[in-house]
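Predicted, not measured: the structure shown is a model, and the values here were computed from it. We name chains A, B, ... by the order of the sequence lines, and we start the count at 1 in each one.
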Amino acid sequence: MPHLFLPFLFVLLAPFLIPGPATAADVTVAAAANFTEAINRLAPDFERRTGHRLVTSFGATGKLYAQIKNGAPFDVLLAADAAYPRRLEAERLTVSGTRFIYATGRLVLWSARAGVVDKDGAILRKGDFAHLAVANPTTAPYGAAAVQVMRRLGVEERLRPRLVQGENITQAFQFVRSGNALLGFVAWAQVRALPAAQVGSYWLVPVELYAPLHQEAVLLKRAADAPAARAFIDYLRSPPARSIIEELGYTTPR
Amino acid sequence: MSEADWLAVWLTIKLAAVTTAVLLLVGTPIAWWIARTRSWLKQPVAAFVALPLVLPPTVLGFYLLLFLGPNGPGGWLTQTLALGTLPFTFAGLVIGSVIYSLPFVVQPIYNAFEAVGERPLEVAATLRASPWNRFFTVALPLARPGLLTATVLGFAHTVGEFGVVLMIGGAIPGKTKVLSVAIYDHVEALEYVHAHALSAGMVVFAFLVLLVLFMINRRWEPLR
């Protein structure tokens, strides 16, 4: 009774048989965890303007790098620093000439409770807290920046026993937000994205205390001939995207 | 292997040992109750104990983080008792591990109690053994293979724990940075040599554990 099966077969195969709009495609993006909120705001705008769809994986940049090196199917890397994109470039895993700074991040010392963090970060020297959350300094650039700040302030040794490490900046943020760590070094963009009632208290760390958090984007090799991925790279540099990124507390290159 | 890696190994063994001890103390009465009761609560309790088998460890870890945190009921309790809050502490990891490995300890003990059946206990009762006496001198010794299996499984499963520890641990060397987290960090930092040393050790350990387990089961088979 093959005629009975045919309709079923068609239903099963329909998604593959019916072509989508000729130009629309998925862009797979590996993005640094600190850029989560920005992507959430950029994606609908990008999709509306181009018809392409953004599929994003978030994580610590070091992990994303290892995944890309081992064949992860990403078109674009939005790193939390410049080092990993450069490494990929040196390893010929990128499309040359596509690397650029898409945002420069700011580090903030943040507590979910009001009145905890003072405006000069003096609490780091006083040290009356049990846990200070940071992102893993060896893989997450915001974690590395946090360690630089503590070193510059001469409190690194003293605070080390109280450090609790998030696997990436999002987890460090979660430790502070849930109150389990009284304070932590997180991305300014994360605090900026909070509703006013949950902002608590923070110290926007002066940029002289850590190496600039230039975040670089790069087109990966497998997307060399993918127009949708290129469209996303171009979109990131466009004025509408830049204004969304800047709204979240990043700066973008002039 | 670096000193930090050995610290992680030692911490993992300590965590697994403490967790297993707690689990045997907590799990045995639970298994006994589930095996003996005629209450309608039997199935709901059994299902509740088995929950960690199904739930992703990150779900357990996330809820523990909120529950034990300063704004959660568990955190309120520990703070009232002047114990502080438990996330990022060894005690916190023990609690997480006990919940995570509970079914792996309760299930084999429960099976063993079921296998013992009513008969030996009834015989002991006719010989005027008290309920406590029956439990300790009849039921427990007869359930020994189940208890051994539970011990090995509880220990091994805690050694292999990752998600819960990642969520509530904070990767503090010597306190909460266990083997699985150390391996994860090495992989993320591209320190593959270190990762290999620890990972290969884990593979050998897991094989030996399972080998011991199968040998236990074989040895006791004629008694079933």
Side-chain angles (χ1 to χ4, degrees), chain A residues 30 32-33 59-70 72 80 83-84 87-88 91 111-113 116 129-141 143-144 159-185 198 200, chain B residues 2 4 7-8 57-58 61-76 78-79 82-93 95-96 162-178 180-192 194-195:
Chain A
T61 299
K63 176 170 68 188
L64 298 173
Y65 166 83
Q67 290 176 339
I68 290 164
K69 264 198 84 169
N70 289 288
Y84 284 108
R87 248 166 117 166
L88 287 171
E91 287 159 352
S111 171
R113 294 226 314 251
V116 170
F129 49 83
H131 300 296
L132 172 68
V134 295
N136 183 343
T138 45
T139 50
L159 292 183
R160 185 169 295 149
R162 301 184 207 178
L163 292 188
V164 290
Q165 267 182 37
E167 182 261 320
N168 59 45
I169 195 72
T170 307
Q171 211 196 353
F173 182 77
Q174 183 192 70
F175 283 161
V176 179
R177 192 173 187 182
S178 64
N180 281 294
L182 184 61
L183 67 170
F185 282 102
Q198 295 174 28
Chain B
S2 68
L7 201 59
T58 40
F62 177 59
Y63 278 143
L64 278 173
L65 189 69
L66 297 184
F67 179 81
L68 296 174
N71 308 320
W76 178 84
T78 52
Q79 281 175 316
L83 297 169
T85 51
L86 292 178
F88 317 131
T89 66
F90 182 75
L93 290 200
I95 291 181
F162 175 66
V164 177
V165 176
L166 188 77
M167 295 296 275
I168 64 170
I172 306 169
K175 262 164 84 185
T176 61
K177 189 168 184 174
V178 298
S180 54
V181 175
I183 292 174
Y184 185 69
D185 277 1
H186 281 318
V187 173
E188 286 217 324
L190 311 178
E191 297 159 354
Y192 290 160
H194 291 271

* Asked: Looking only at heavy atoms, what is the nearest atom pair of His194(B) and Ser2(B), with distance?
  -> CE1-CB, 4.3 Å
* **Residue selection (most heavy-atom pairs with chain A, distance under 4.5 Å) from Val181(B), Leu66(B), Leu166(B)** => Leu166(B)
* To do: Please look at Gln171(A) and chain B and tell me whether the side chain, the backbone, both or neither of the residue comes under 4.5 angstrom of a heavy atom of that chain.
  => side chain
* Answer whether the closest heavy-atom distance between the side chains of Lys69(A) and Arg87(A) falls below 4.5 Å. => no
* To do: Taking atom CZ of Phe162(B) as the centre, report whether more than 12 heavy atoms of other residues, nucleotides or ligands fall under 6.0 Å from it.
  => yes
* Structure fact -> CG (Leu64(A)) and OH (Tyr84(A)) are apart, to the nearest 0.5 Å, by 10.0 Å
* Over all atoms of both residues, closest heavy-atom pair of Gly69(B) and Pro87(B) -> N-CG, 4.4 Å
* Asked: What part of Ala60(A) is in contact with chain B, defined as an atom under 4.5 angstrom from a non-hydrogen atom: side chain, backbone, both or neither?
  -> side chain
* Given Leu68(B) and Thr78(B), is the side-chain contact (heavy atoms from CB on, under 4.5 Å) satisfied, shown in steps? -> CA-CA 8 Å; Leu68(B) 296 174; Thr78(B) 52; 5.5 Å; no
* To do: Report, by ascending residue number, the residues of residues 168-178 of chain B in heavy-atom contact with chain A at a distance under 4.5 Å; give 'none' if the set is empty.
  => Gly170(B), Ala171(B), Ile172(B)
* Gap between atom OG of Ser178(A) and atom CE of Met167(B) - 0.5 Å precision -> 9.5 Å
* Tell me, for Asn168(A) versus chain B, whether the close heavy atoms (under 4.5 Å) come from the side chain, the backbone, both or neither. => neither
* If you take all heavy atoms of Val164(B) and Pro57(B), which pair is closest and at what distance? -> CG2-O, 3.5 Å
* Asked: Has the side chain of Thr61(A) got a donor or acceptor atom that lies under 3.5 Å from a matching backbone atom of Ala80(A)?
  -> yes
* Asked: In Å, rounded to the nearest 0.5 Å, how long is the span from CG of Asn70(A) to OH of Tyr65(A)?
  -> 9.5 Å
* Asked: So which part of Leu86(B) gets closer than 4.5 Å to some heavy atom of chain A, the side chain, the backbone, both or neither?
  -> neither
* In terms of ring plane angle, is the pair Phe175(A) and Phe88(B) parallel, tilted or perpendicular, where the classes change at 30° and 60°? -> perpendicular
* Asked: So, Tyr184(B) versus Lys63(A): side-chain donor-acceptor pair below 3.5 Å or not?
  -> yes
* Asked: Within residues 131-139 of chain A, which positions have a heavy-atom distance to chain B below 4.5 Å?
  -> His131(A), Asn136(A), Thr138(A), Thr139(A)
